[in-house]
2 protein chains.
Amino acid sequence: MEEKLHLLRQHFEEIVSLTDDEWNIVKSHFEFKSLKKHQFLIQVGQPVAFEYWIIKGLVKAYSIDEKGKEHILQFAMEDYWVSDHCAFQHQEPGTIFVDCLEDSEFFCLSLENREKICFEVPAVANFFRIKSNHGYINLQQRILSLLTMTAESRYEYLLNKLPKLIQRVPKKLIASYLGVSRETLSRFSS
Amino acid sequence: MEEKLHLLRQHFEEIVSLTDDEWNIVKSHFEFKSLKKHQFLIQVGQPVAFEYWIIKGLVKAYSIDEKGKEHILQFAMEDYWVSDHCAFQHQEPGTIFVDCLEDSEFFCLSLENREKICFEVPAVANFFRIKSNHGYINLQQRILSLLTMTAESRYEYLLNKLPKLIQRVPKKLIASYLGVSRETLSRFSS
DNA sequence: GATTTTTTGTGATGTATGTCAATTTTGAAA
DNA sequence: TTTCAAAATTGACATACATCACAAAAAATC
């Protein structure tokens with residue numbers, strides 16, 4: 001476990017510096033969790049007690065529409081954060097599903113604990129501020145890609161941006177992430 | 001000007017508390033700017049020196065594709081923040097345009113000053129952290145709406161969510177925000 | 001290793017939405 | 001008030017992509 005916590009510390013220290021004392025405060029506010037492939041991290045209607053940092057593994061966050069079709073909001077793997085941020089932030093029942101595409105391990109942070117360490121250790125507030133800002137920028141780019149690009153060029157773009165991901169994830173899920181039917185994706189060239 | 005700064009303070013204090021001393025530090029790091037309708041706040045290829053909090057007015061943030069078509073990333077009005085966050089964060093040339101749909105006034109915050117007040121006044125780091133988080137949640141919902149909803153229901157949804165905006169903005173811009181042609185939007189019922 | 005399930009590929013067909021063009025309406029400027 | 005430019009509407013037609021159906025391939029499970 002010490003090794004895993006060390007990875008988390010590295011993750012923080014990519015953005016901000018922490019003293020050993022600060023780190024000891026921070027790390028004591030996380031819980032460990034491990035799930036097998038196909039198990040759920042978050043479900044619609046259930047409480048969303050945590051934000052999760054992924055130690056290892058791969059998950060998908062998605063919603064299901066009236067017709068039962070799955071729409072993927074995010075893939076998240078090692079070193080990513082994932083949650084139903086909306087439900088988590090407002091402490092409301094989940095609005096999306098998150099489940100494991102591979103056996104996965106997480107460090108879990110409750111809202112209470114997050115606010116606690118953000119106010120006790122200012123560097124942590126800055127860490128999450130900067131992380132959240134990066135996330136915002138990413139989502140803006142995804143929105144632009146949905147507005148400006150054809151399904152095929154979104155696919156090419158993703159192939160370039162996250163080639164490793166494509167290999168770990170069935171194409172029908174990639175299709176669902178891109179907002180295109182799996183049949184159409186299958187007709188694309190590369 | 002004191003009145004306008006007071007609005008900004010209120011904006012911060014909706015999320016975090018600030019002592020008078022803290023506020024004096026914070027406010028000294030903002031600059032005032034005023035633009036007329038049709039003037040640019042940010043242009044592609046130009047430096048993006050600031051993030052802007054809108055005191056009054058209305059702007060659109062958009063990119064222009066190879067065919068010269070405009071795609072609206074965001075409308076921003078009173079009490080909103082706007083910038084080319086990506087270019088701003090990395091201090092690179094702008095990748096989008098932001099211009100005024102109405103005469104507008106702004107408080108401007110440089111990257112250097114933002115980082116300064118975030119590290120000098122922890123409450124400010126928390127303010128931006130929480131704001132950024134809210135922004136992230138909003139963008140996630142917009143992505144879901146682009147993935148799951150038809151153009152028509154996205155329009156209805158927007159009518160409900162931001163009725164005031166619709167009245168201040170020509171429909172062809174709404175169309176561009178929704179990712180639909182103005183002709184198609186014009187054929188929708190309500 | 002055999003069997004079942006999941007994933008992928010491909011054809012035929014339907015549909016939402018885009019594009020082009022012309023007209024009307026609205027609103028801003030003089 | 002008149003004039004002019006921008007915005008909105010409407011029709012005809014084009015197209016990217018969805019859907020349905022079925023078959024093949026690959027992967028998971030027993």
Side-chain angles (χ1 to χ4, degrees), chain A residues 35-39 57-60 62 64-72 75 97 99-104 143-159 165-190, chain B residues 35-39 57-60 62 64-72 75 97 99-104 143-159 165-190:
Chain A
L35 288 180
K36 296 277 172 203
K37 187 169 172 171
H38 294 131
Q39 289 188 305
L58 177 61
V59 305
K60 64 176 202 275
Y62 58 102
I64 293 189
D65 67 23
E66 328 82 54
K67 288 169 194 156
K69 212 167 116 188
E70 187 175 301
H71 301 272
I72 295 187
F75 292 110
F97 296 95
D99 67 27
C100 299
L101 298 172
E102 301 173 359
D103 295 352
S104 305
I143 286 172
L144 265 187
S145 80
L146 286 167
L147 292 178
T148 65
M149 297 161 86
T150 64
E152 183 157 16
S153 43
R154 290 204 296 281
Y155 182 49
E156 282 165 19
Y157 179 74
L158 189 69
L159 280 178
L165 182 72
I166 314 292
Q167 284 148 22
R168 286 168 79 175
V169 173
K171 281 192 186 164
K172 69 166 196 170
L173 297 184
I174 301 291
S176 160
Y177 175 85
L178 293 171
V180 79
S181 71
R182 78 193 163 68
E183 292 95 332
T184 297
L185 185 84
S186 144
R187 281 181 250 261
F188 294 157
S189 48
S190 53
Chain B
L35 288 179
K36 296 275 172 204
K37 186 169 173 170
H38 294 130
Q39 289 188 306
L58 177 61
V59 305
K60 65 177 200 276
Y62 59 102
I64 293 190
D65 66 23
E66 328 83 54
K67 288 172 193 153
K69 212 166 116 188
E70 190 175 300
H71 302 272
I72 296 187
F75 293 109
F97 296 95
D99 67 28
C100 299
L101 298 172
E102 302 173 0
D103 297 352
S104 304
I143 287 173
L144 265 187
S145 80
L146 286 168
L147 291 179
T148 63
M149 296 160 86
T150 66
E152 183 158 14
S153 43
R154 290 204 296 282
Y155 181 49
E156 281 164 21
Y157 179 73
L158 189 68
L159 280 179
L165 182 73
I166 314 293
Q167 283 148 22
R168 286 167 78 174
V169 172
K171 279 192 186 165
K172 70 168 195 168
L173 296 185
I174 301 292
S176 161
Y177 176 86
L178 293 173
V180 80
S181 71
R182 69 180 203 293
E183 293 93 333
T184 297
L185 184 80
S186 143
R187 282 182 249 260
F188 293 158
S189 47
S190 54

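Contact between the side-chain N/O atoms of A:Lys69 and the OP1/OP2 oxygens of D:dA18 is not found at any separation under 4.0 Å.
Note that CD of A:Glu70 and NZ of A:Lys172 are 7.0 Å apart. Values are rounded to the nearest 0.5 Å. A distance of 8.0 Å separates NZ in B:Lys37 from CG in B:Leu101, rounded to the nearest 0.5 Å. Here the CD1-CG distance, from A:Ile143 to B:Leu146, works out to 6.5 Å after rounding to the nearest 0.5 Å. Taking OG of B:Ser176 as the start and NE2 of B:His71 as the end, the distance is 7.0 Å to the nearest 0.5 Å. Here CG of A:Leu178 is found 10.5 Å from OG1 of A:Thr150. Values are rounded to the nearest 0.5 Å. Going from atom CE of B:Met149 over to atom CG of B:Leu144 covers 10.0 Å, rounded to the nearest 0.5 Å.
Between the CG atom of B:Leu178 and the P atom of D:dA8 there is a distance of 13 Å, rounded to whole Å. Between the CG atom of B:Leu101 and the C1' atom of C:dG27 there is a distance of 15 Å, rounded to whole Å. When rounded to the nearest whole Å, the span between CE of A:Met149 and P of D:dA16 equals 16 Å. Atom-to-atom, CZ of B:Phe188 to C1' of D:dT10 comes out at 15 Å; the value is rounded to the nearest Å. Summarising the geometry, the separation between CD on B:Gln167 and C1' on C:dT26 is reported as 16 Å, rounded to the nearest angstrom.
Among the protein residues, A:Lys67 comes within range of no part of the nucleic acid, since none of its heavy atoms lies under 4.0 Å from any strand.
Relative orientation of the A:Tyr62 and A:Phe97 rings is parallel, given thresholds of 30° and 60° on the angle between their planes.
Nearest heavy-atom pair, A:Lys60 versus A:Ile72, reported as atom, atom and distance to 0.1 Å: CD-CD1, 3.9 Å. Of all heavy-atom pairs spanning A:Cys100 and A:Leu35, the tightest one is SG-CB, 3.7 Å.
B:Tyr177 is not listed as a side-chain neighbour of B:Val169, based on a closest heavy-atom distance of 4.5 Å or more. Using a 4.5 Å heavy-atom cutoff, the side chains of A:Leu58 and A:Leu165 are in contact.
Between the two ends of the helix from C:dG1-D:dC30 to C:dA30-D:dT1, each summarised by a five-pair axis, the helix axis turns through 70° (rounded to 10 degrees).
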- line: Protein heavy-atom contacts under 4.0 Å, written 5' to 3' over nucleotides 3-12 of chain C as B (base), S (sugar-phosphate only) or - (none), form the string ----SBBBBB
field: Reading 5' to 3' through nucleotides 24-30 of chain D, protein heavy-atom contacts under 4.0 Å coded B for base, S for sugar-phosphate only, - for none
entry: ----S--
